[in-house]
Structure formats: C-alpha cells, structure tokens
Amino acid sequence: MLKTHNCGELRVEHAGQQVTLAGWVHRWRDQGGLVFWDLRDRWGITQVTIDQQATPEVHALAKDVRSEWVVQITGIVNQRPEGMTNPDLPTGDVEVVATDVQILNQAKTTPFYINKDENVDEALRMRYRYLDLRRPPMQHNIMLRHNVIRFIRNYLADQGFVEIETPILFKTTPEGARDYLVPSRVHPGKFFALPQSPQQLKQLLMVAGYERYFQIARCFRDEDQRGDRQPEFTQLDLEMSFVERDDVLALIEDLMTRLVEEVTDCELVTKPFPRLSYQDAMLRYGSDKPDLRYGMEIVDITPLAAETTFKVFTGNVEAGNPVRAICVPECGTYSRKQLSELEENAKAAGAKGLAWMAVEEGEGQVRSPIAKFFSPEQITDLIARVGANPGDLILFASDAETVVCEVLDTMRRAMAARLELVDPKQIAFCWIIDFPLFTWNEDETRWDPSHHLFTSPMPEDVPLLDTDPGQARGQQYDLACNGYEVAGGSIRIHNRDVQEKIFGLIGLDLEDAKERFGHMLEAFEYGTPPHGGIAPGIDRLVMLLAGQPNIREVIAFPKTQQAADLMAGAPSEPTEAGQLEELHIRVVLPD
RNA sequence: GGGGGCGUAGUGUAGCGGUUAACAUGCCGGCCUGUCAAGCCGGAGAUCGCGGGUUCGAAUCCCGUCGCUCCCGCCA
C-alpha cells in the first residue's frame with residue numbers, strides 16, 4: 001500500500017506517529033517558507049505542512065504542486081498549536097509535517113472546480129463525469145447509494161431471501177414501455193429485448209420454489225426522460241410465495257424504516273406508514289403519490305358550491321363535476337401579480353381559471369372576486385369546512401374529476417414550494433392501496449390493466465369482474481415518498497380461471513395470450529404457489545434519502561435527457577466494418 | 001412529437017442596440033513561516049454555442065440550428 005492511513009482518520013492520539021498518506025491536493029496555500037496542502041482521499045481531508053527550513057528539498061518540490069496533483073507524503077502527525085485548529089474538519093486538530101513528498105502524478109487544470117461546491121453546466125459535468133464524481137458531494141451520494149444497497153442485501157439475506165440474477169438479454173414483451181432491442185447474430189432478423197423489469201422471471205422463480213427472491217436489478221425502458229426517469233435504472237426486485245398483501249407491506253415497511261433510521265441522517269416523519277386507498281389519495285391530495293410532509297389537504301365543497309350563484313361552480317355541479325378547494329396558510333395578502341402567477345400554474349395543469357378567496361379578520365370577512373356569489377352564511381360555512389384562519393388563502397378548482405385532481409395537486413405542490421414547506425431531510429412514506437384493477441382505454445374501447453395483467457383482484461371483488469370491472473380493486477400497492485412513487489407491486493394471480501377472465505376483459509383471446517405469455521401460462525400449470533412482490537426504485541429512493549433534486553445525482557454514469565452518454569459518446573455508429581452485416585441489419589435513416 | 005428555461009474568458013456570473021465586453025474565482029509570474037474560501041502586487045486569458053437576417057452599428061432584436069435542462073404526451 002502506498003499509504004498507512006487515510007485522510008479522514010488521523011486524530012490527536014496519532015500525534016508523534018510517522019504516517020504515509022496519499023491522495024489528491026484539494027487546496028494548497030503557499031505561505032512562502034511554509035506550504036499547506038489539504039490532502040484529500042475518499043475518506044476525508046488532512047492538512048499537510050511542508051517547512052522550507054526543516055526540509056528544504058521537499059519544500060522546493062512542493063512549491064510547484066497544484067490542485068488535483070496526486071501525491072504521496074510521509075511525515076509526523078503533529079497536534080496543531082492552540083488557535084490553529086480547524087473545527088470544520090474531523091482531522092482539524094492535527095496536521096502531518098511532511099518529511100518526504102512523492103509526486104505520483106500531475107494534473108491539468110480541471111475544467112471545473114473539484115474543491116468548490118458550485119453549480120456547473122450539466123453537459124460539462126457529464127463530459128467529465130470522472131471529475132464530477134471526484135467532488136465530495138457526489139462521493140457522498142455514491143457512498144450513500146452503496147450503503148443503502150448493502151443494507152438492503154444484508155436485511156433481505158437475514159430474512160431468508162435469495163439473490164438470483166436474471167437475464168439481461170430476454171424476450172420483448174407486448175405490454176408496457178418501449179423495449180430496447182438487441183439484434184441476434186445467430187438468429188437473423190430476430191432480437192432480444194432488455195428487460196423492463198424481471199417481472200416474469202421473478203414469478204417463474206416462485207414457480208421454481210425459491211419462495212423468497214430478490215435482486216438489485218437493472219431495468220431498461222426506451223421512453224422519454226424526466227428528472228426521476230433514466231433509460232436504465234435500478235430496482236430492488238423482490239418476490240415472495242405464500243404471502244398476502246400485508247406480509248409484503250410489513251416487510252418493506254420494516255426495511256424502509258430501518259434503512260432511514262440506520263443508514264441516513266434523515267427524519268422519518270411517518271411511522272407507521274399511513275395507508276391510503278387510491279380513491280382517498282386522489283380525493284385528499286389529487287395524486288396517487290402525495291407528499292405528506294405538509295398539509296393543505298383538498299376539501300370537497302361540492303354541495304356548498306351548488307347552492308351559490310357562481311355559474312362556474314353550479315354549472316360544473318350540474319354536469320356532475322366536483323368543486324374542491326385547498327387552504328393555503330398565510331397567503332391571504334397575495335398581490336394581484338402573485339395570484340395571477342398562481343393562475344398560470346393552475347392553467348398549466350389544465351384549469352380554465354383559478355378562483356380564490358383571501359380570508360380576512362372578522363367573522364366571514366373575505367377578499368375575493370367571487371365573494372359576491374356567496375351568501376354570508378355560505379362564506380362562514382366554507383371557511384369552517386376548509387379550516388381557514390384569517391390571513392389564509394383558499395384556492396378552488398372545479399372541472400372534470402381528473403382535472404380537479406391534477407390542478408389541486410399542482411397547486412398544493414406549487415404552494416408548498418413557494419412557502420418552503422418541504423424539508424429535504426424529512427422522509428414521509430405512505431402506502432397507496434386498493435387501486436382499480438383496470439382503467440378504461442377510450443381509444444381501444446377496452447379495459448387496460450392498471451398495473452400489469454398478472455395482478456390479482458381483491459378476493460371480494462372477483463364477482464365484479466363479470467358485472468362491473470371498473471369497480472374491481474386489485475391487490476396492488478404503491479409506496480409513495482415525498483411526492484414520488486418509490487415502489488409498486490401486487491399479489492399475483494395464481495388461479496387459471498381468474499387469469500383467463502382478465503385476458504378476456506383486456507381483449508386478449510386465449511390464443512393471443514398463449515402466443516405472448518405461453519411460457520408463463522404453461523409454467524403456472526405446474527403447481528404455482530400464491531405469490532406476490534414489489535419493486536422499489538433504488539435511484540429514486542437514494543435521491544430522496546440524499547435530498548437531491550434528480551436521480552442523475554445518485555447514478556455514477558447517467559444519461560442525458562436525450563439518452564446519450566456525453567463522456568463516452570454513446571450511442572455511436574458501429575466502429576467495425578461489417579458489424580451491421582453480421583447482425584443482418586440495414587439502417588434506414590429518417591429524412 | 002409539443003411547450004418553457006439556459007448557453008458570454010478554464011469555471012460561476014453581470015451586461016440585454018453604440019462599453020476598451022465587467023466582476024469573482026481559477027491559471028501564469030512575484031512577495032510572504034501559521035494558513036485553512038489565506039493575503040498582497042503584477043500578467044495572460046472571450047471569434048459572447050453555431051449559422052443566417054434586421055440595423056449606420058448586434059453579446060443584446062428576429063429566424064433557424066445544436067447542446068443541456070424542466071414540463072406535457074409517453075413511462076403495464
């Protein structure tokens with residue numbers, strides 16, 4: 001080893017010892033006859049001093065060293081004199097007085113600061129990702145990710161889970177996202193698909209009798225990117241046999257609770273995790289992934305609004321649409337300009353306008369363009385229903401059900417951001433359960449599975465499959481955290497009759513089903529245990545635990561929004577002549 | 001596929017129709033033995049993403065294009 005200690009571990013008790021450190025020169029301060037280096041490695045920073053009088057040759061060499069040069073130093077640990085310690089550094093009570101310095105490598109001036117936490121153009125960060133990853137905040141994120149995954153592995157192994165790898169080269173599936181395809185050289189004209197998730201394979205592992213399986217699985221989906229979506233991402237894929245929904249929820253809840261409390265410095269603010277039905281979540285938060293770190297719950301005021309003389313409200317009520325509101329604390333003094341900004345937010349979410357009411361001091365006193373359509377009693381009633389206090393701002397939405405949810409979800413999040421109600425150190429999980437099994441596909445005039453087509457209905461809702469499929473709930477569950485969906489799963493169908501009924505409802509006849517999922521259906525005929533599972537997204541989870549705004553910050557080598565790698569220059573054209581011919585591929589570029 | 005934002009020395013920003021294109025930091029040289037975002041003195045460094053247009057004059061206005069990003073669609 002080129003070092004006896006790392007740069008984060010020396011303390012006063014090491015004083016007097018000879019040590020050898022190696023790392024990067026994080027910062028340097030040339031004092032003339034005395035040179036200081038902040039020497040950095042993965043573990044921390046230690047100050048090194050090079051004294052001209054004591055070690056003139058070493059000092060002469062050290063004079064030329066610059067940021068990010070790689071050096072090895074040998075010296076004596078010295079307790080710093082009083083008044084010269086650095087309380088910001090764990091190693092700040094000591095320094096190493098160099099007696100020897102080896103320059104292991106020089107470094108060009110880096111294209112951006114390693115030693116300064118400054119916003120850098122993301123394209124530049126991506127092009128020099130290896131330098132970006134060298135920055136301490138990124139090292140922290142990547143290390144946190146490692147600790148999260150290590151914790152998960154240990155926890156699940158202790159619970160009797162087996163980690164099993166599944167193929168990356170697999171079969172294209174008709175459902176779901178667009179597949180990434182890989183051409184087969186030995187099967188001309190045929191393609192593998194990269195898995196969108198190991199869904200089928202983990203169910204087959206249950207048929208195979210492993211009972212408790214997990215995998216830290218890479219998944220691929222060729223869809224457009226978002227801050228929380230990359231073309232390849234990592235799931236904790238997990239499946240269990242002989243379990244019911246609550247067994248899966250209990251396991252994950254315990255895992256997540258311990259993870260937050262033992263691995264991070266975040267505060268878990270939901271304990272136990274609240275369980276919301278899908279319907280309840282939509283009603284109270286307008287979202288199936290609500291952020292529970294703040295209030296501003298949606299209140300339905302449809303009956304009250306129906307009695308007013310405000311035509312927008314009464315018209316919507318007559319059309320069967322709801323009128324709902326949120327109460328925003330202490331925004332009653334918002335100016336015309338601020339309110340019009342809010343209206344722009346609402347319109348972007350699909351609203352036609354944004355009605356508001358500022359609650360003022362005094363019984364039933366409000367400032368609002370629509371106050372004249374309310375009787376004094378109705379205003380008092382409204383204020384009571386939404387729980388408003390003087391100084392608060394009430395925002396209304398009235399439109400089709402889905403629009404109202406979308407608008408008030410948007411307003412809730414926009415106001416939380418404006419009021420800085422979100423603390424990134426707080427973690428608020430909740431379960432969303434009782435999802436509808438199907439959603440109606442208007443274009444194809446058929447039912448689509450809300451989750452996937454192996455999701456088992458709630459046992460008591462099975463009869464509804466024949467009478468009112470839209471009302472049937474699935475044994476499906478999502479884990480939401482801070483406004484993001486961080487896991488989704490279900491209890492699977494293991495009953496052939498039910499499975500065939502589902503195929504029928506989604507417009508898949510048995511022949512089609514056999515063609516697409518024949519291997520699954522065949523497998524299910526050989527003694528399939530009741531089973532179910534879940535798949536938390538590791539990137540999103542670590543993003544939230546790291547308090548980061550997007551998952552690129554917790555992925556070592558992410559892709560850009562255009563799904564490119566700016567460092568390596570991928571994707572690229574084939575390099576070898578004949579590469580495409582060998583794969584039986586001819587490229588037709590768009591015009 | 002659609003909409004928004006950004007692009008100016010190595011980096012981060014300012015400038016938004018006439019400036020010698022500014023500031024900070026980094027870089028180079030000099031001084032300095034207790035600094036830790038070190039300090040002080042001096043210096044170099046920018047075809048203002050790219051292409052076209054409007055104008056007497058464009059970093060600035062317009063059009064196109066490329067890149068990054070946020071959002072909608074999409075993501076069982």
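Below, each value reflects all heavy atoms present in this structure, side chains not excepted, and no hydrogens, waters or symmetry copies. Numbered from 1 within each chain, the chains take letters A, B, ... in sequence-line order.
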**Report entry** Paired nucleotide for B:A58 [Watson-Crick or G-U wobble; both distances under 3.5 Å]
**Finding:** none
Requested in this report: With C1' as the reference atom in both, quote the distance from B:U47 to B:A9 in angstrom, rounded to an integer.
Outcome: 12 Å
Requested in this report: Could you tell me whether the phosphate oxygens of B:C70, OP1 or OP2, come under 4.0 Å of any side-chain nitrogen or oxygen in A:Arg229?
Outcome: no
Report task. Between B:G45 and B:C36, how far apart are the C1' atoms? Round to whole Å, please. Result -> 28 Å
Query raised in the report: Is A:Thr455 touching bases, backbone alone, or none of the nucleic acid, heavy atoms closer than 4.0 Å?
Result: nothing
Query - P atoms of B:A24 and B:A44, separation to the nearest Å - result: 15 Å
Query raised in the report: So which nucleotide does B:G39 pair with, by the Watson-Crick or G-U wobble rule with both distances under 3.5 Å?
Result: B:C31
Query raised in the report: Can you tell me how far C1' in B:G5 sits from the matching atom in B:C31, rounded to whole Å?
Result: 47 Å
Query raised in the report: Between A:Arg540 (side chain) and A:Tyr484 (backbone), is there a donor-acceptor pair under 3.5 Å?
Result: no
Report summary line: For nucleotides 33-40 of chain B, 5' to 3', base contacts (B), sugar-phosphate-only contacts (S) and non-contacts (-) with protein non-hydrogen atoms under 4.0 Å give BBBBSB--
Report summary line: Separation of B:A24 atom P from A:Asp117 atom CG, nearest Å, is 22 Å
Requested in this report: Could you tell me whether the side chain of A:Thr46 and the main chain of A:Cys7 form a donor-acceptor pair under 3.5 Å?
Outcome: yes
Query raised in the report: Considering only the P atoms, how many Å lie between B:C40 and B:U35, rounded to the nearest integer?
Result: 14 Å
Report summary line: Atom CD of A:Glu341 and atom P of B:G4 are separated, to the nearest Å, by 18 Å
Query raised in the report: With a 4.5 Å limit on heavy-atom distance, are the side chains of A:Glu573 and A:Val587 in contact?
Result: no
Query raised in the report: To the side chain of A:Asp224, which of B:C27, B:G67, B:G1 is closest?
Result: B:G1
Report summary line: Checking N1-N3 plus N6-O4 or O6-N4 for Watson-Crick, or N1-O2 and O6-N3 for wobble, each under 3.5 Å, the partner of B:A9 is none
Requested in this report: Please check if the side chain of A:Lys202 supplies one atom and the backbone of A:Phe214 the other of a donor-acceptor pair under 3.5 Å.
Outcome: no
Requested in this report: Hey, which sits more toward the 5' end of RNA chain B by its nearest nucleotide, A:Gln225 or A:Gln196?
Outcome: A:Gln225
Query raised in the report: Has the side chain of A:Arg412 got a donor or acceptor atom that lies under 3.5 Å from a matching backbone atom of A:Asp291?
Result: yes
Report task. Determine the interplanar angle of the A:Trp431 and A:Tyr477 rings, folded into 0 to 90°, and report it as parallel if under 30°, tilted if 30 to 60°, perpendicular if over 60°. Result -> perpendicular
Requested in this report: Determine the interatomic distance between C1' on B:A46 and the same-named atom on B:A59; round to the nearest Å.
Outcome: 11 Å
Report task. Indicate the ring-plane relationship of A:Phe435 and A:Tyr278, choosing parallel, tilted or perpendicular according to the 30° and 60° boundaries. Result -> tilted
Report task. May I ask you to decide if A:Gln196's main-chain N or O and A:Arg221's side chain share a donor-acceptor pair within less than 3.5 Å? Result -> yes
Requested in this report: Rounded to the nearest angstrom, tell me the gap between atom CG in A:Asn115 and atom C1' in B:C27.
Outcome: 13 Å
Query raised in the report: Which part of the nucleic acid, if any, lies within reach of A:Arg226 when heavy atoms closer than 4.0 Å are counted: base, sugar-phosphate only, or nothing?
Result: base
Query raised in the report: Taking protein heavy atoms under 4.0 Å as touching, what does nucleotides 8-13 of chain B look like 5' to 3' if B marks base contact, S marks sugar-phosphate-only contact and - marks none?
Result: --BBS-
Query raised in the report: Expressed as a whole number of Å, how far does the P atom of B:G12 sit from that of B:C27?
Result: 16 Å
Query raised in the report: What is the distance, rounded to the nearest whole Å, between atom CG of A:Asn345 and atom P of B:C72?
Result: 13 Å
**Report entry** Sugar-phosphate, base or nothing in reach of A:Arg552, heavy atoms under 4.0 Å
**Finding:** sugar-phosphate
Report task. Sticking with atom C1', work out how far B:C70 lies from B:C63, rounded to a whole angstrom. Result -> 24 Å
Query raised in the report: Between A:Asn550 (CG) and B:U69 (P), how many Å, whole number?
Result: 9 Å
Requested in this report: May I ask you to check whether A:Trp24 and A:Trp69 place their ring centers less than 6.0 Å from one another?
Outcome: no
Query raised in the report: With no hydrogens and no angle check, is any side-chain donor or acceptor of A:Glu95 less than 3.5 Å from a backbone partner on A:Asn78?
Result: no
Query - Non-hydrogen side-chain atoms of A:Met415 and A:Met296 separated by less than 4.5 Å - result: yes
Report task. Would you mind classifying the nucleic acid contact of A:Thr439 as base, sugar-phosphate or nothing, using non-hydrogen atoms under 4.0 angstrom? Result -> nothing
Query raised in the report: How close or far is atom C1' of B:G67 from atom CE of A:Met567, stated in whole angstroms?
Result: 18 Å
**Report entry** Length of the NZ-C1' vector between A:Lys347 and B:G3, whole Å
**Finding:** 16 Å
Query raised in the report: Atom NZ of A:Lys63 to atom P of B:C31: distance rounded to whole Å?
Result: 8 Å
Query raised in the report: Hey, does the side chain of A:Gln561 come within less than 4.0 Å of B:C70's phosphate (OP1/OP2), counting only N and O?
Result: yes
